[in-house]
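Model, not experiment: these values are computed from the prediction.
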Amino acid sequence: MVEETELRYDPAAIETKWQQRWAADPHLYAAEPVSSAKPKYYVLEMLPYPSGQLHMGHVRNYSIGDALARHMWMRGYNVLHPMGWDAFGLPAENAALKNNTPPREWTLSNIAAMKRQMQRIGFSYDWGTEVTTCLPDYYRWNQWFFLRMYEKGLVYRKKSRVNWCPECATVLANEQVINGYCWRHEETLVEQRDLEQWFFRITAYAQELLDGLDKLEGWPEKVRTMQRNWIGRSEGTEIDFAVENRSEKIRVFTTRVDTIFGATSVQLAPEHPLVMALAAADAGLKTQVAELIDEQKKAKESGEMGEIEKHGIPTGHFAINPYNREPVPIWVANYVLMDYGTGAIMSVPAHDERDFEFSKKYAIPIRQVIASADSNAEEPELPFSAEEGVLLNSGEYNGLTCIQAQKRLQEAAARGAFGEAAVTFRLKDWGVSRQRYWGTPIPMIHCERDGLVPVPDEQLPVLLPERIEITQTGGSPLSRVPEFVNVKCPKCGRAARRETDTMDTFVDSSWYFYRYTDAKNVSAPFGRERARYWFPIDQYIGGVEHAILHLIYSRFWTKVMRDLGMTENDEPVRRLFTQGMVIKDGAKMSKSKGNVVSPDDMVARYGADATRMYALFAAPPDRDLEWQEDGVAGVSRFLARVWRLVEKHAPVARSAASQAQGRSATGAGVALLRKLHQTIAKITQDFEGRWHFNTCVAAIMELVNELQAADAQLASGEIAAPVVRELLRTLVLLLAPFAPYLSAELWEKLGEKSAILRAAWPKSDPELAKEDKIEVPVQINGKLIAVVRVASDADPKQFEAAALADEKVKARTAGKTVAKVIVVPGRAVNLVVK
RNA sequence: GCGGAAGUGGUGAAAUGGCAAACACACUAGCCUUAGGAGCUAGCGCCCAAAAGGCUUGCGGGUUCAAGUCCCGCCUUCCGCACCA
């Protein structure tokens, strides 16, 4: 058949054609206004940093989101599916240093390149809502928010020890320090420096951020757990120990106040104010403490804080346990942290492993104060910290359970005004100052007379100067731009200095998804009505690496906006999906490993449809995906089969366009329609929750395999034309979320004029999907012996009869007793034979 | 140490407690040919020469008529947190 061999699937031609058509129709992917009668659906993928190149992780992320967006359009939803650019950040400055290109130019040209890549792959983004965070019409609202938060007391400035990356030449947030190393520079140790820094008071929302996690049922448990740990809520008690012969008090934080009669020393962090005071008067102590501080710093920087050997220095002073007036020695210890709790602990060696190790080393007494409640039970070896048992050696509290004692001891502390119940969080305030150029300028002015003065709203945006020389001499590049720095104080009009720090780029990504709903608004970050309509985001998709930073800041920001009266919802994201990594040869793709696969190459060789469909087919979306080019070729061959199949039989299908849909199928047609409707049901269900798109693609492949096997019947007219039409039309619709270009092309070939994106998603007809005969396994004592064919609606008796009538079963049961027959209708028959 | 996820053919993987390995990739044999990164047919977990048969979801127990799936204990790998008092 000459005709057949000339048919060739040419993805490049098809994809170019449709790309042009889609580009010519800016409304195709645009959401309808908030007055739309359709239900809304907001699907969002995490916006990329414009590095210049899309990588496979992006392609995977966006292919998942795009399949969902297309499916939801076809289900009749009003879909918001936007894209933007997380466009501030250090690489632009590094590139500027390297190539002498202005950061803005470099960034914008990268954006243009990546946008072309996205359009080439055919993602259904509404570019009318595009957000670019480095442009003034976006970052002015960062400044606006900063001022609103300042007014609310949620922004403050303090001198603090900060994480400093010498490579970035800037401050890093705690979240950006990974085991003492910079999150961008895996081999650069982070240093500590003291600087005046701007902070967001995220800790004001610590409890709410924690509580909110319980309600985020559409989030992976893993992410919720990570955030819980990060917030690190700890309930306990703070107790003041007086210091013998001195006026200071030492406030300790403990979660186990019930063990306080076992406290045989008090341990202070090396940077504790009392230690500083003592060291000031004691040169010897000062030297030793300096060493401890140094040691602790190094251990923290290298991430080995958990492994350093415990040691300390006795101060020679004593603290008084307020409960029993017992004096206990005060030590300075290398394992006590100043930035958690109060920087001081009571040491209970009998019931804390760390205290035990320390006390053993220095022969500090160890006193057991908890005993097993069951007097017959063997006493566990010290130290033990289980919160079960009763108190002993604890005066009037003896015999109480740990929990009872905690409460009573707290009450006593409150009565005696030497302590109280306390909650401590691990979460720290968010340091947002960066001594970098390529970020949002912080809208504050330093006036000698008026102090800190906010830039008035009408002077926003504070524009980043465009012409600037980037050098690596440290300090903020903006501080070297006189026309930026030198301003008049908005209050007194005298010469003043503009703040030269810029904001952490995580500010940009904390609210960008609100801007998408109203990207062109010039009088507000976004309008209330639109936010109310579109939020919360129905589905957010991205990498798990953002489980803590980005997603906790975004939740914080939403709560702040709620308290500013801008939004109504507490949480920005209803459902979160974290997709797995794309790996190659068992490792994450990276330039240094040389295992990077370029999306452009894949698209050029196999087409966009094959590339993105492979990304969905090779693994379920939540798992890591091993990129194998042979697999892409396989998907491409599959698409070619689909193309030939539809191409060949389209004329028959088109001829039936005017006829009624065929329930009149017989023979092969019945079987094909059955498979078709089973496939519709399977894929529809998967979109509704399970998201195993790999098996969705497999199901379409099975369907195509069956259609192909029935090629002769499709061609000969043995299967009625209306049935052929339904088969091919539905096949193309099912394929549309996964291979949009090919689907659009074949949709047109089938004589359809309107966009397939707005065509109705097919409905599975349960009657057509139903099997009339099913194969059922027959087991004897749980072991598979035979398979029998039975009518699908047979009753249990018929299943049993069919099983017993089977030759193999007869042979196995001959001369034995069938003690029991278990029939699971439609599932299995199991004979218990003795 | 704490928390989470995972462990199934040569590979990626599939399997509401009910026929383990669907769908692909790779490989093998054959066909076709306009010699292609094409198409078609067949085979492809392990043992056994083959058949018959037996075995098989990291390891060991358990629950059940029936376990890859549920429960208990262990091992390994990956991820997150980590002197957080």
Within a radius of less than 6.0 Å around NZ of A:Lys588, do more than 12 heavy atoms belonging to other residues, nucleotides or ligands occur? no
Closest to side chain of A:Tyr340, choosing from B:rA66, B:rC83, B:rA85: B:rA85
I'd like a list of close polar pairs between nucleotides 37-43 of chain B and the protein, N/O only, cut-off under 3.5 Å.
from	atom 1	to	atom 2	distance (Å)
B:rG37	N2	A:Tyr606	OH	3.2
B:rC40	OP1	A:Gln708	NE2	3.2

Could you list the protein-to-nucleotides 50-57 of chain B atom pairs, N/O on both sides, closer than 3.5 Å?
from	atom 1	to	atom 2	distance (Å)
B:rC55	OP2	A:Lys783	NZ	3.1

Parsed dot-bracket for RNA chain B after applying the Watson-Crick and G-U rules with both distances under 3.5 Å and | for other-strand partners is (((((((..(((.....[....))).(((((.......))))).(((.....)))..(((((..]....))))))))))))....
Can a donor-acceptor pair under 3.5 Å be found between the side-chain atoms of A:Lys310 and the base atoms of B:rC83? yes
Are A:Arg690 and B:rA15 close enough that a side-chain N or O sits under 4.0 Å from OP1 or OP2? yes
Among the nucleotides B:rA22, B:rC19, B:rC84, whichever has the atom closest to the side chain of A:Arg354 is B:rC84
Quick one: label A:Asn694 by what it contacts on the DNA or RNA (base, sugar-phosphate, nothing), any heavy atom closer than 4.0 Å. sugar-phosphate
State whether A:Arg228 places a side-chain N or O below 4.0 Å from either non-bridging phosphate oxygen (OP1 or OP2) of B:rC81. no
Holding to ring pair (Phe, Tyr, Trp, His ring centres under 6.0 Å), I want the full list of residues that pass it with A:Phe617, two or more places apart in sequence or in another chain. none
Do you know the tightest heavy-atom contact between A:Ser234 and A:Tyr340? CB-OH, 3.4 Å
When you check the phosphate oxygens OP1 and OP2 of B:rC23, does a side-chain N or O of A:Asn705 lie under 4.0 Å from one of them? no
Anything under 3.5 Å between a protein N or O and an N or O of nucleotides 3-6 of chain B, put it in a table, one pair a line.
none

What side-chain donor-acceptor pairs closer than 3.5 Å can you find for residues 349-356 of chain A, not counting sequence neighbours?
from	atom 1	to	atom 2	distance (Å)
A:His351	ND1	A:Phe384	O	3.0
A:His351	NE2	A:Val369	N	3.0
A:His351	NE2	A:Ile370	N	3.2
A:Asp352	OD1	A:Arg354	N	2.9
A:Asp352	OD1	A:Arg354	NE	3.2
A:Asp352	OD1	A:Asp355	N	3.1
A:Asp352	OD2	A:Arg354	NH2	2.7
A:Asp355	OD1	A:Tyr335	OH	3.0
A:Asp355	OD2	A:Val348	N	2.9

